[in-house]
Amino acid sequence: MDMITNHPPTAELQALDAAHHMHPFTAGAELAAKGVLVIKSAKGVTLTDSEGHQLMDAMAGLWCVNIGYGRDELADVAARQMRELPYYNTFFQTTHVPAIALAIKLAELVPGDLNQVFFAGSGSEANDTNIRLVRHYWAAKGKPDKKIIISRKNAYHGSTVAAASLGGMDAMHAQGGLPIPDIHHIDQPNWYAEGGDLSPEEFGLERARQLEAAINELGEDKVAAFIGEPIQGAGGVIIPPETYWPEIQRICDAHEILLIADEVICGFGRTGNWFGSQTFGIRPDIMTIAKGLSSGYAPIGGSMVSDEVAGVIANAGDFNHGYTYSGHPVAAAVALENLRILQEERLIETVQQDTGPYLAQKWKQLADHPMVAEANSVGMVGSLALSPDKSARAPFAAPAGTVGLICRDRCFANNLVMRHVGDRMIISPPLILTKPDIDTLVGRAYQAIDETYKTVQADGLFKAG
Ligand code: PXG
């Protein structure tokens, strides 16, 4: 028997993991001392760990398992494709049927004239592609100086050198000499934390107009594109004020700036439409996709590209860019089957019309708790802000994330996987979540928040900073 089918007990797995496995976004020594959680299997919305505990996964893995765990159809398609053609590339004038079939399907599903796809293995890779695409596009149009990409602080666009540079995470820029040149960051539309006395609508306009100010300052002839997540995900599920995206769209149109919507989290039903761009009225020139494209069953990402941009690139000689796994046949076949399930089972319509509104109503009730200052959701993504002084939207006196981490641990103790970003708690559950599941989720979340509240009070942390 191999180690996967017949594995050693948890403590031994933890020790082996600590000895040989470096984890993303993790303080290795701290994790080794604590012992990592080993997830063994999953079905529907439920994870089972190596000790047999069952947890509701309100994060859909890392925002990706949109159709839920355990769909045999995807496993069958993967096995069939591995037997038929496990690998071939899409370089040097070759292709294969799964890549063609997925490209057609994506052109049909993605709104507007984004009819071409450049495949990647992940969202980070796709955003690297986007940087090269937009610069190559403008160079091909005789404007090689249009190179700067404007992004936002607290954005997340991935973890490669270029994608992390596009992102606006200070903690990431602090390591490894980021950002690369010609990336410019403006402020985020986070009304809760930064809106002060402005109404959300006023604040949304003010933040969008920073884009226009930046373009004027840097020079329209130097700016290639603006990139943004419709809802900032890893930044804490920051749902922008309604005024924000229409103003961003107006500014991009008025100044000949390409608009890149990073749909890695918002795409494939998360917000109750196929794409977050539809929920927020964005008409992007390029769209980054990954995660929900395959529901995480296989690694795949891509850039959806408008007819205009793709046409210019097609006539500009070789585009000297690509990945061994661009359009990988097994990943493409799995993605296609995932899209079939999303479509035929009407999962996105259900989120839009039924379960999304139900979640919104239940989730909002959490704001009745004395430590919850805000609780918002759109479709199947939501967040809440923990605060010791709700009316002032005040942070805790302790370093950001102290209380959030306590709450996250209380969630796990209550068999709920809910993440924290600073002192915001976030959810992004599978789209198959039913109304009884939502009741369970919100019940466990309330319990965890209340236990956190009692701990925080007992520890003297319930004061504004
Ligand atoms: N864009 C967005 C909007 C993302 O959320 C990426 C790009 C990068 O995708 P890849 O496939 O390269 O990881 C992401 C990924 C978190 C977390 O802690 C979020 C992501 C990845 C890992 C952790 O919330 N988002």
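Just so you know, these numbers use all the heavy atoms, side chains as well, and skip hydrogens, waters and symmetry mates. Order of listing sets the numbers, starting from 1, for every ligand and every atom in it.
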Go through the side-chain N and O atoms of N190 and Q232 and say whether any donor and acceptor fall under 3.5 Å apart. no
Do I341 and L347 come within less than 4.5 Å of each other through their side chains, counting heavy atoms only? yes
What I want to find out is whether E206 reaches R209 closely enough, with some N-O distance under 4.0 Å, to be called a salt bridge. no
Note: K291, heavy atoms under 4.0 Å from ligand 1, region reported as side chain
Pair N154-Q188, side-chain donor/acceptor within less than 3.5 Å: yes
Heavy-atom distances under 4.0 Å are what count here, so tell me which part of F25 touches ligand 1: side chain, backbone, both or neither. neither
Closest to atom 10 (P) of ligand 1 (judged by heavy-atom distance), picking from G123, C266, A234: G123
So, N66 versus R270: side-chain donor-acceptor pair below 3.5 Å or not? yes
For atom 5 (O) of ligand 1, what's the nearest protein heavy-atom neighbour? Residue, atom name and distance, please. I265 CD1, 3.1 Å
Checking heavy-atom distances from atom 1 (N) of ligand 1 to each of D262, L62, I289, the winner is D262
Please check if the number of heavy atoms outside F91 that lie under 6.0 Å from its CZ is greater than 12. yes
Close-contact set for ligand 1 against S122 heavy atoms, below 4.0 Å: 11 (O), 12 (O)
Run the ring-ring contact (aromatic ring centres under 6.0 Å, His included) check on H185 and H173 step by step: do they pass? CA-CA 12 Å; H185 296 89; H173 290 177; 5.3 Å; yes
For atom 12 (O) of ligand 1, find the nearest protein heavy atom and state the residue, atom name and distance (0.1 Å precision). S124 OG, 2.5 Å
For R419, is at least one N or O under 3.5 Å away from an N or O on ligand 1? yes
Considering both backbone and side-chain atoms of W63, is one of its nitrogen or oxygen atoms within less than 3.5 Å of a nitrogen or oxygen in ligand 1? yes
Any nitrogen or oxygen of G158, main chain or side chain, under 3.5 Å from a nitrogen or oxygen of ligand 1? no
